[in-house]
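Each remark here refers to the structure printed beneath this line.
Order of the sequence lines sets the chain letters (A, B, ...), proteins ahead of strands, with each chain counted from 1.
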There are 2 protein chains.
Amino acid sequence: MYSRGMGNHQNDGTAIGTPPSSTQERLVTSARELLWERGYVGTSPKAILQHAGVGQGSMYHHFAGKSDLALAAIRRTAEDMRTATDEILSAPGTAYDRVAAYLLREREVLRGCPIGRMTQDRDVVQDPALRAPLDAMFDWLRRRIAEVLAEGQRRGELAAGLDPAATAASVAAVVQGGYVLARAAEDPAPFDAAVHGLLALLATHATPPPPVAP
Amino acid sequence: MYSRGMGNHQNDGTAIGTPPSSTQERLVTSARELLWERGYVGTSPKAILQHAGVGQGSMYHHFAGKSDLALAAIRRTAEDMRTATDEILSAPGTAYDRVAAYLLREREVLRGCPIGRMTQDRDVVQDPALRAPLDAMFDWLRRRIAEVLAEGQRRGELAAGLDPAATAASVAAVVQGGYVLARAAEDPAPFDAAVHGLLALLATHATPPPPVAP
DNA sequence: GTCTATATAATGATAGAC
DNA sequence: GTCTATCATTATATAGAC
């Protein structure tokens, strides 16, 4: 159960020192969690309200409706993902190291990607406003990985014959597809196998050869 | 509109010479199409009935309910996919050729994979009976691709250093992830890029080197 | 701004006529 | 076997009190 109507005593359960979330913030946070878990079609406004612990009217005061709240939630999730990913890809090291760090990053594999998840939701993909942040996120991701690979080529760390854009698409696809395989198996193993398979292929193009992947 | 109550004159619209489908068959076919397009949560029994052109009661006569019909539909789709895929992977040619044929196979990229799609549906993955055919399908796919790769190694067509299982997982993941990237972009290009990126990496391990991918 | 009450349609399933 | 009628529940949104 969530507390209700308790004035300033409400809290979102985050770390001590965090300022209490506004109703609007709590709605977005709840929407993000439920969209990740259940998808757009499977997430009802009522479920979001109950998860956030607010009444029916509050949502329609802050947002025009379900899709408007979902848009805010998706934008926020994409933003966070971009920030976290850029940090990994911008770290020091060879191009191989940085791509490997991205691929081997700790993930909640069985939960899948909260952004990739949305691409399987008809109502999301068909709404240009809802699809836009997904498109922007994956477009950015492929470009950023391609940059890293191209930089590695300029530095002589990677074979010049590689197509940075195509290889970057493969890297992004292996992650997204790895989630699919893992969820089908209810086991992260296929995700890890897919990642290591790609890294092994990539390693043969790196000079000097990186140590065998863990 | 679909015809109703027309006795033996009903037809499922397939090629001339095809025997008219039974009500049960039409329900399964309709369920397969709608599950592919809208997912499990997004597909209502009513929508299936209307698409099949039968009344409410018929479905509950032939199937125990929504999940039971979905199970029949998913099983059939997985069966068909397995047959079609095995045909490609069992064709003559080098291991590289056969994996390339699988990756470059004509696909309705923006529609995605009807089996992979189901792994993003909470209600499917949480039901052991519904998840089982997904698990079996992808497990078979990875094993079959790994077999092809291992055979290529024995024949001396592929570098012995490759891990067949991991590489096979990468191949399957690139396809599934390619769909995700393509749907986000509403454009098959990222799918094609991901596939060609992986093929280029794989090509460097093939002897003699295959011609540059189309 | 937040709440409860209400409205309208859709969902998933059952009952029982034919 | 197939159909229509019905039902309890949920989804999405609005109205209006506080």
Distance from A/Trp36 atom CH2 to A/Thr43 atom OG1, nearest 0.5 Å?
13.5 Å
Kindly state each residue pair satisfying side-chain hydrogen bond (donor to acceptor under 3.5 Å, both in side chains) with at least one member in residues 172-190 of chain B, sequence neighbours excluded.
A/Arg131-B/Glu186, B/Arg107-B/Tyr179
How close or far is atom P of D/dA5 from atom CG of B/Leu49, stated in whole angstroms?
15 Å
If only side-chain N and O atoms of B/His61 are considered, is one of them under 4.0 Å from the OP1 or OP2 phosphate oxygen of D/dC3?
no
Considering only nitrogen or oxygen atoms on both sides, find all protein atoms under 3.5 Å from nucleotides 11-13 of chain D and state each distance.
{"residue": "D/dT12", "atom": "OP1", "partner": "A/Lys66", "partner atom": "NZ", "Å": "3.0"}
{"residue": "D/dA13", "atom": "OP2", "partner": "A/Tyr60", "partner atom": "OH", "Å": "3.3"}
{"residue": "D/dA13", "atom": "OP2", "partner": "A/Lys66", "partner atom": "N", "Å": "3.2"}

Should B/Thr23 be listed as having a side-chain N or O under 4.0 Å from OP1 or OP2 of D/dG1?
no
Polar side chain donor-acceptor pair, A/Ser90 to A/Arg144, under 3.5 angstrom:
yes
Side chain of B/Val54 only, heavy atoms from C-beta on: which candidate in D/dC3, D/dT2, C/dT2 is closest?
D/dC3
What distance separates A/Arg38 CZ from A/Asp121 CG, expressed to the nearest 0.5 Å?
13.5 Å
Could you state the CD1-C1' distance from A/Ile48 to D/dT10, rounded to the nearest angstrom?
15 Å
What distance separates A/Ile115 CD1 from A/Glu79 CD, expressed to the nearest 0.5 Å?
10.5 Å
SB check B/Asp86 B/Arg82 (cutoff 4.0 Å):
no
Using the salt bridge (Lys or Arg N to Asp or Glu O under 4.0 Å) definition, which of the options A/Glu151, A/Glu87, A/Glu147 pairs with A/Arg98?
A/Glu151
Extract from the structure each pairing of a protein N or O with an N or O of nucleotides 16-18 of chain C at less than 3.5 Å, listing the distance.
none

Quickly work out the B/Phe63 CZ to C/dT14 C1' distance and round it to whole Å.
18 Å
Does the B/Arg26 side chain pair with the main chain of B/Ala52, one donor and one acceptor, at a distance under 3.5 Å?
yes
Atom CG of B/Asp68 and atom C1' of C/dT14 are separated, to the nearest Å, by 16 Å
Distance, nearest 0.5 Å, that separates SG of A/Cys113 from CD of B/Gln120
9.0 Å
In whole angstroms, how far is the P atom of D/dT10 from the CG atom of B/Asp123?
14 Å
Nucleotide C/dG1, atom C1' - distance to CG of A/Leu27 in whole Å:
12 Å
